[in-house]
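All values reported here derive from a predicted model rather than from experimental measurement.
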Amino acid sequence: MASPNVAGEAASATLAGLLDSPEIGRLIADLEATRWTGRPGYPIRTMVGLALAKSLYAVPTWTKTVALVREHWALQRALDCEGNVPSVYACYRFAEKLRKHGSMLERCIDSVVEGLRSKLPSYGRDLSIDASDMPAYANGQRYVSKGGKERKRFSDPDATWGHRSAVSTRKGGGFYGYRVHAAVCSTTGLPVAWTVETAKAHESRFVAGLLDAAKRRGIMAATAAMDKGYDVGPVYENCAERDCLPVIPLRETGAVKAGKHLPPTCSHGIWKFGGSDRKRGASKWRCPTGECRPASTWIEAHRLHPLVPRETKRWKGLYRKRASVEREFGRLKNEWALLPLRVRGLERVRLHADLTVLAKLSCTLARARAVSKPQPRGGRCARPPPG
Ligand SMILES: [Zn+2]
């Protein structure tokens with residue numbers, strides 16, 4: 001019987017499968033329709049395959065990807081370029097083409113996310129949103145050397161200085177480059193929406209855009225868990241406008257020090273949470289003994305009193321699952337070569353992130369389709385395949 005622990009198929013076979021999937025097939029067809037006249041060029045299918053192979057094999061550069069394909073006959077066969085591997089310059093030209101036709105790639109990503117949603121019903125119900133550092137492939141030091149002259153030219157003009165938190169034994173502090181902002185499904189751990197921005201931009205500015213991108217992909221998130229960095233008024237408003245419940249811990253602001261976030265009290269004790277009304281945008285609180293008149297009151301939802309109160313078990317459970325976004329950043333960086341960056345400029349870094357996540361999500365979709373094919377015995381796999 002098939003178990004989730006059987007050895008995976010060869011990466012070249014996975015790649016051939018991806019290129020034949022309807023989502024990637026449509027991207028290839030869209031790009032073929034824009035085929036420039038003049039230079040004959042390599043087949044688009046081969047070029048899209050090279051871009052996916054780069055993430056699948058976690059190779060940081062086009063040069064090394066081309067070198068890998070040159071000495072790997074199975075890959076050449078999967079990419080349909082036996083004995084005629086595209087040059088690294090063809091890869092650069094293809095990357096430029098993808099940047100120029102960004103809407104086609106976007107549509108491909110949309111359809112992969114939609115495909116995953118139909119295979120994994122819980123995908124995107126609860127989201128975790130966070131940002132993570134992507135150090136630039138450039139030197140951002142202001143001085144060329146210690147005590148030396150000021151740097152006049154920066155090799156990556158879009159990179160800026162930002163702050164990152166400590167991870168394991170690595171200390172937190174300043175870093176130079178970009179940050180990827182992502183909304184990840186708390187249950188399946190799969191990305192739903194993401195964007196790359198320069199490092200100094202504050203994370204709270206991108207919540208609305210991430211929720212809108214998720215919505216465009218057919219994902220109506222019920223909740224979104226975020227860390228303290230997102231505990232600012234506009235984030236709560238952005239979530240409320242999109243009918244998504246925010247799960248964010250409180251910062252020690254003046255209002256919190258004054259205890260304005262605490263539940264109401266009376267001589268009978270602390271009032272108890274009695275449910276929320278999303279349409280009304282308020283939560284109900286009751287006197288513990290019911291002797292007060294009126295015995296309950298409605299509190300309008302805002303930062304200090306969200307619809308999922310921070311005292312509840314539901315809030316704690318959702319917040320605990322927020323770690324899924326951190327784990328996904330780790331997987332994308334370490335297993336799918338989101339890092340190290342070997343491109344410069346915001347547009348190129350964005351394309352790199354899009355291709356990396358697309359490769360990962362389409363592999364997951366292919367596996368989900370494979371396991372949901374009628375099996376000789378037993379039920380369907382409700383959980384997503386690992387990876
Ligand atoms: Zn009372």
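- Counted by atom type alone, Ser111 and Glu23 present zero donor-acceptor pairs between their side chains at under 3.5 Å.
- Between Leu318 and Asp126 the shortest side-chain heavy-atom distance falls below 4.5 Å.
- In this model, no donor atom of one side chain and acceptor atom of the other lie less than 3.5 Å apart for Lys284 and Ser276.
- With a 4.5 Å cut-off on side-chain heavy atoms, Met226 and Cys239 count as touching.
- Between the side chains of Lys97 and Thr34, at least one donor-acceptor pair of N or O atoms lies under 3.5 Å.
- A side-chain donor from one of Thr160 and Thr198 sits under 3.5 Å from a side-chain acceptor of the other.
- Within the structure, every pair that satisfies the ring-ring contact (aromatic ring centres under 6.0 Å, His included) test and touches residues 223-277, not counting sequence neighbours, is listed here: Phe273-Trp285.
- Sorted by first and then second residue, the ring-ring contact (aromatic ring centres under 6.0 Å, His included) pairs with a member in residues 345-372 form an empty list; sequence neighbours excluded.
- The line from CH2 of Trp298 to CG of Asp277 is 5.0 Å long, rounded to the nearest 0.5 Å.
- Leu332 and Leu351 end up in the same hydrophobic cluster when Ile, Leu, Val, Met, Phe, Trp and Tyr side chains are linked at under 4.5 Å.
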Under 3.5 Å donor-acceptor pairs involving side-chain atoms of residues 242-259, not counting sequence neighbours:
| from | atom 1 | to | atom 2 | distance (Å) |
| --- | --- | --- | --- | --- |
| Arg242 | NE | Asp212 | OD1 | 2.6 |
| Arg242 | NH1 | Asn238 | O | 2.9 |
| Arg242 | NH2 | Asp212 | OD2 | 3.2 |
| Arg251 | NE | Asp231 | O | 3.1 |
| Arg251 | NH2 | Asp231 | O | 2.7 |
| Thr253 | OG1 | Arg303 | NH1 | 3.3 |
| Thr253 | OG1 | Arg303 | NH2 | 3.1 |

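- For the pair Leu127 and Leu211, the minimum side-chain heavy-atom distance is below 4.5 Å.
- At least one side-chain heavy atom of Arg45 sits less than 4.5 Å from a side-chain heavy atom of Asp20.
- Pairs passing the ring-ring contact (aromatic ring centres under 6.0 Å, His included) check and including a residue from residues 141-181, sequence neighbours excluded, read Trp161-Tyr176, His181-Phe206.
- Taking a 4.5 Å side-chain heavy-atom cut-off between Ile, Leu, Val, Met, Phe, Trp and Tyr, the cluster of Met220 contains only that residue.
- Taken from CE in Met47 to CG in Leu98, the straight-line distance is 9.0 Å, to the nearest 0.5 Å.
- Checked by atom type, the side-chain pair Asp354/Trp194 shows a donor-acceptor distance below 3.5 Å.
- Under the salt bridge (charged side-chain N to carboxylate O under 4.0 Å, His left out) criterion, Arg342 pairs with no residue, sequence neighbours left out.
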